Protein chains: 4
Amino acid sequence: MKKVKDKKQLIIEAAMKIFCRDGFHKATVSEIAAKAGVGKGTIYEYFDSKKQLFIEMMKYYANLYYENLIAAIEKEKTIMDKLKRYILIEEEIMTKHGDLAQIFMREAYNIGLEVHKIMKNNRIKQIQFFADLIQAGIDEGIFRNVNPYTAALAFMGSVHHIQVSKIFIKDSYSEEINIENLHDLLLNGIKK
Amino acid sequence: MKKVKDKKQLIIEAAMKIFCRDGFHKATVSEIAAKAGVGKGTIYEYFDSKKQLFIEMMKYYANLYYENLIAAIEKEKTIMDKLKRYILIEEEIMTKHGDLAQIFMREAYNIGLEVHKIMKNNRIKQIQFFADLIQAGIDEGIFRNVNPYTAALAFMGSVHHIQVSKIFIKDSYSEEINIENLHDLLLNGIKK
Amino acid sequence: MKKVKDKKQLIIEAAMKIFCRDGFHKATVSEIAAKAGVGKGTIYEYFDSKKQLFIEMMKYYANLYYENLIAAIEKEKTIMDKLKRYILIEEEIMTKHGDLAQIFMREAYNIGLEVHKIMKNNRIKQIQFFADLIQAGIDEGIFRNVNPYTAALAFMGSVHHIQVSKIFIKDSYSEEINIENLHDLLLNGIKK
Amino acid sequence: MKKVKDKKQLIIEAAMKIFCRDGFHKATVSEIAAKAGVGKGTIYEYFDSKKQLFIEMMKYYANLYYENLIAAIEKEKTIMDKLKRYILIEEEIMTKHGDLAQIFMREAYNIGLEVHKIMKNNRIKQIQFFADLIQAGIDEGIFRNVNPYTAALAFMGSVHHIQVSKIFIKDSYSEEINIENLHDLLLNGIKK
DNA sequence: GATGAATGAGACTTCATTCAT
DNA sequence: TATGAATGAAGTCTCATTCAT
């Protein structure tokens, strides 16, 4: 019984790597099977189709991400620490799983309605969670009276973008770009 | 000679629409031809392959985008106006051509080295341009002494992320999220 | 325009041979293509699927059969001659296309509703046509007052069965079994 | 030892149902196993392959059929009663096991030489048995001097065809078609 | 130059068969 | 003995690309 779960897990992890590298349509079931170290037919013992494998892979990582996020943030005491932690986790996730985030975004429109729904719900949950944090900060009087959703998206977008750029550009001035700078910038603004 | 260019242009525009909707691998040459109103074989009169068509399509829109950006910004006089114009153009582009930006990002890794290079150069040019603007603002004393690259990426990422979220989430609280709020936030920060 | 029809026809004829020899499920599209002298993909230019090819093949031969049958019978003047002609044609068809009749029967249940309907309609048309002939003979007073449908089926079944047996058994006493004997038997009965 | 036979028997009976419904190639070993209430692997404990299972299933039912036929007919005293009994049994078998007869016919050509031989021998035995009955009737002076093989095949074919038509057409005039009519027709002919 | 019928490589998926338990 | 998870050969179908017209 444990073994069955292990093999399904194995396939999901292999699928994640291949889907991230190639996207849904370029990825082949053959290669996922090879990466998982199982036969091609075995994939179909655990998943109805390539599409279904993609969906279950997405669900798995979406949940994993959200659970970890909540767990880490709830350890922090103050709003400011929670906020910083959120940004740090976003950064960490983007570093480790930026490709996953990318493919979630990109394929969300194309694979089908179910994928789109998962993505949308996941995204809304995140934004809401972050917006709630900011709203709490506003209520406590440590933040200006900004729109919490705009702020949430700005924060998330900045972190995301910086990370993607670092991965993408690699050999350039990406060294000097770091999250410490970003924290300062987002908290204090650019204007003198 | 003029006619030839017209037909090539026609195919590139059709290709853009189909590639944006379906991604590189799901898109079919047949449908691009149909959209362009030409025969399937005609595509191959103007482009060596589907991949080459994608590359040329990308080059075309990357240039178009950059030229328009520069032209619009250079019309503005002050640093602050240039910066605002930049943000507005980014927003406009994301609104009109967000799907194009998405596909550029997503497929950049997969299609081949040439695509990746185009993307990277384009991105670096943009970041550099924006960072230069910010640096000029710092030099003029209107901005704090932030890292210009971090700031550039944060601005670009925020705009991008908000736009994507608006498209993606649609029916939610996206109404209250707007660029005016974002301007204020990025310029003045969140802290009281 | 003529050529297109020729190639579709070519595929239908090849499909008939392979389907007859192997049955629907054992038959492969590859081999049908090879038999027709076209590429595998060409099959799909003319038919949506293997199943659709089977259906269209069936429709084609069902019509061909029925048209020829009617045409030949209408040339005859008297009821008795029409009846004999019918039996002779049935025999001829079973000789030439017995395998086709077999596959029609066998696969009719399995391929899908559409196939079943075609088969059923075709069968009803035939039975009705034959029963009408017999009824006309009864009305003219040359036949006893038998049930025309029973008689039609008995005649058709006898001819069919004899032919199948001849094909099937081949090397046995099939020489002495012939249609002349059958005519006599069916017209005059077995009892002294 | 008894148990082993029981399980083998169980599989044969399940196989018959599935093969009859789907034909050899469409039928799956999985479903046969499920129907028999055994594991998939168990099938291979008793049969070398799917093909071998089909062959053994055929042999079993061919023998069963023939034994029952002989036993029933030998109970009758007169030629005429034996003949009638034969027709009634054929009818009964076609009613109960028409699908089996169908698949025997259809797949006989395709599965392999061994199947073909079984079928052929079985058929020859039946025809011969029936022809012998008719010949005996001729010798006794109750039948005209018809060709006994032709008559045998005509009788068998008529019964078969009527039965198949009843199953196939169902909702039509099949009510008025019955074996009593057929008896009369075959014995007395159609001519006045 | 323009076309689209023809092609076949390669994708997803099924299922008979094996074998470790 | 009985099982069913695992497998990979083989099938259907798609689609980028070619080439005769």
Side-chain angles (χ1 to χ4, degrees), chain A residues 1 3-4 6-8 11 24-34 36-53, chain B residues 3-4 7-8 11 24-34 36-54, chain C residues 1 3-4 6-8 11 25-34 36-53, chain D residues 3-4 7 11 24-34 36-54:
Chain A
M1 215 193 304
K3 254 200 170 165
V4 167
D6 282 355
K7 189 156 285 189
K8 193 170 183 178
I11 293 168
F24 180 77
H25 285 98
K26 195 187 174 192
T28 70
V29 174
S30 273
E31 204 177 353
I32 291 170
V38 301
K40 222 186 318 180
T42 307
I43 303 274
Y44 290 89
E45 291 285 322
Y46 294 94
F47 304 93
D48 284 346
S49 65
K50 184 187 178 188
K51 187 170 163 181
Q52 201 57 38
L53 170 57
Chain B
K3 248 196 174 172
V4 167
K7 193 162 278 193
K8 193 170 182 177
I11 293 168
F24 181 75
H25 284 95
K26 198 185 172 195
T28 70
V29 175
S30 268
E31 204 176 353
I32 291 169
V38 300
K40 224 187 315 182
T42 308
I43 302 270
Y44 290 87
E45 293 288 324
Y46 295 94
F47 304 93
D48 285 346
S49 65
K50 184 187 178 187
K51 187 170 162 180
Q52 202 56 40
L53 168 57
F54 185 80
Chain C
M1 214 193 302
K3 254 201 169 164
V4 166
D6 281 357
K7 190 156 284 191
K8 194 170 183 180
I11 293 169
H25 285 97
K26 196 186 174 194
T28 69
V29 174
S30 274
E31 204 177 352
I32 291 169
V38 302
K40 221 186 321 180
T42 307
I43 302 275
Y44 290 90
E45 291 285 322
Y46 293 94
F47 304 93
D48 285 346
S49 65
K50 184 187 176 186
K51 187 170 163 180
Q52 203 57 39
L53 169 56
Chain D
K3 249 197 171 169
V4 167
K7 192 161 278 192
I11 294 168
F24 180 77
H25 283 95
K26 197 186 173 194
T28 70
V29 174
S30 267
E31 204 178 352
I32 291 169
V38 301
K40 223 186 315 180
T42 308
I43 302 270
Y44 289 86
E45 293 288 324
Y46 295 94
F47 304 93
D48 286 347
S49 66
K50 185 188 179 187
K51 187 170 161 180
Q52 202 57 40
L53 169 57
F54 185 80

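The structure presented is a predicted model; accordingly, all values stated were derived computationally and were not measured. Quick note on labels: first sequence line is chain A, next is B, and so on, each numbered from 1.
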Separation of [N] [atom2] from [X] [atom1] (nearest whole Å):
{"X": "C/Leu53", "N": "F/dG11", "atom1": "CG", "atom2": "C1'", "result": "15 Å"}
{"X": "B/Ile32", "N": "F/dC15", "atom1": "CD1", "atom2": "C1'", "result": "12 Å"}
{"X": "A/Asp6", "N": "F/dA6", "atom1": "CG", "atom2": "C1'", "result": "16 Å"}
{"X": "C/Ile43", "N": "F/dG11", "atom1": "CD1", "atom2": "C1'", "result": "14 Å"}
{"X": "D/Phe47", "N": "E/dT18", "atom1": "CZ", "atom2": "C1'", "result": "18 Å"}
{"X": "D/Gln52", "N": "E/dA16", "atom1": "CD", "atom2": "C1'", "result": "15 Å"}
{"X": "D/Lys26", "N": "E/dT14", "atom1": "NZ", "atom2": "C1'", "result": "14 Å"}

Using a heavy-atom cut-off of 4.0 Å across all strands, would you classify C/Ala27 as base, sugar-phosphate, or nothing?
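Sugar-phosphate, no base atom in range.
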
So what does D/Ala34 hit on the nucleic acid, given a heavy-atom distance under 4.0 Å: a base, only sugar-phosphate, or nothing?
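Contact class for D/Ala34: none.
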
D/Lys7 side chain N/O closer than 4.0 Å to the phosphate oxygens (OP1, OP2) of F/dA2?
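Answer yes for this pair, as a side-chain N or O of D/Lys7 is under 4.0 Å from OP1 or OP2.
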
For a quick test of reading the model: is some side-chain N or O of A/Tyr46 closer than 4.0 Å to OP1 or OP2 of F/dA5?
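Negative; the distance criterion is not met.
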
Nearest heavy atom decides the nucleotide; on that basis, is C/Lys50 or B/Tyr44 closer to the 5' end of DNA chain F?
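Comparing both residues, the 5'-ward one is C/Lys50.
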
Report the distance from atom NZ of C/Lys8 to atom CG of C/Leu53, rounding to the nearest 0.5 Å.
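Nearest 0.5 Å value for the NZ-CG distance: 9.5 Å.
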
If you round to the nearest 0.5 Å, how far is CD1 of B/Ile43 from NZ of B/Lys7?
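Spacing of NZ (B/Lys7) from CD1 (B/Ile43) equals 10.5 Å.
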
Hey, is the main chain of D/Phe24 close enough, under 3.5 Å, to the side chain of D/Lys50 for a donor-acceptor pair?
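Yes, the answer is positive, given that a donor and an acceptor are paired below the 3.5 Å cut-off.
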
Looking only at side-chain atoms of D/Glu45, point me to the closest of F/dT17, F/dA6, F/dA2.
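In terms of side-chain proximity for D/Glu45, the closest of F/dT17, F/dA6, F/dA2 is F/dA2.
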
Comparing D/Phe24 and A/Ser30 on DNA chain E - which has the more 5′ nearest nucleotide
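This one resolves to A/Ser30.
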
Nucleotide N/O of nucleotides 8-10 of chain E paired with protein N/O under 3.5 Å:
| from | atom 1 | to | atom 2 | distance (Å) |
| --- | --- | --- | --- | --- |
| E/dG8 | N7 | C/Gly41 | N | 3.3 |
| E/dG10 | O6 | C/Lys40 | NZ | 3.3 |

What is the bend of the helix from E/dA2-F/dT21 to E/dT21-F/dA2 when you compare the axis at one end with the axis at the other, using five pairs each and rounding to 10°?
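Its terminal axes enclose an angle near 10°.
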
What's the shortest heavy-atom distance between D/Ile11 and D/Ala36, and which atoms?
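The pair with the smallest heavy-atom distance is CA-CB, 4.0 Å.
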
side-chain contact (heavy atoms from CB on, under 4.5 Å) against D/Tyr44, all qualifying residues, sequence neighbours excluded
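D/Tyr44: side-chain contact (heavy atoms from CB on, under 4.5 Å) contacts with D/Val29.
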
What residues form a ring-ring contact (aromatic ring centres under 6.0 Å, His included) with A/Phe47, not counting sequence neighbours?
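None.
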
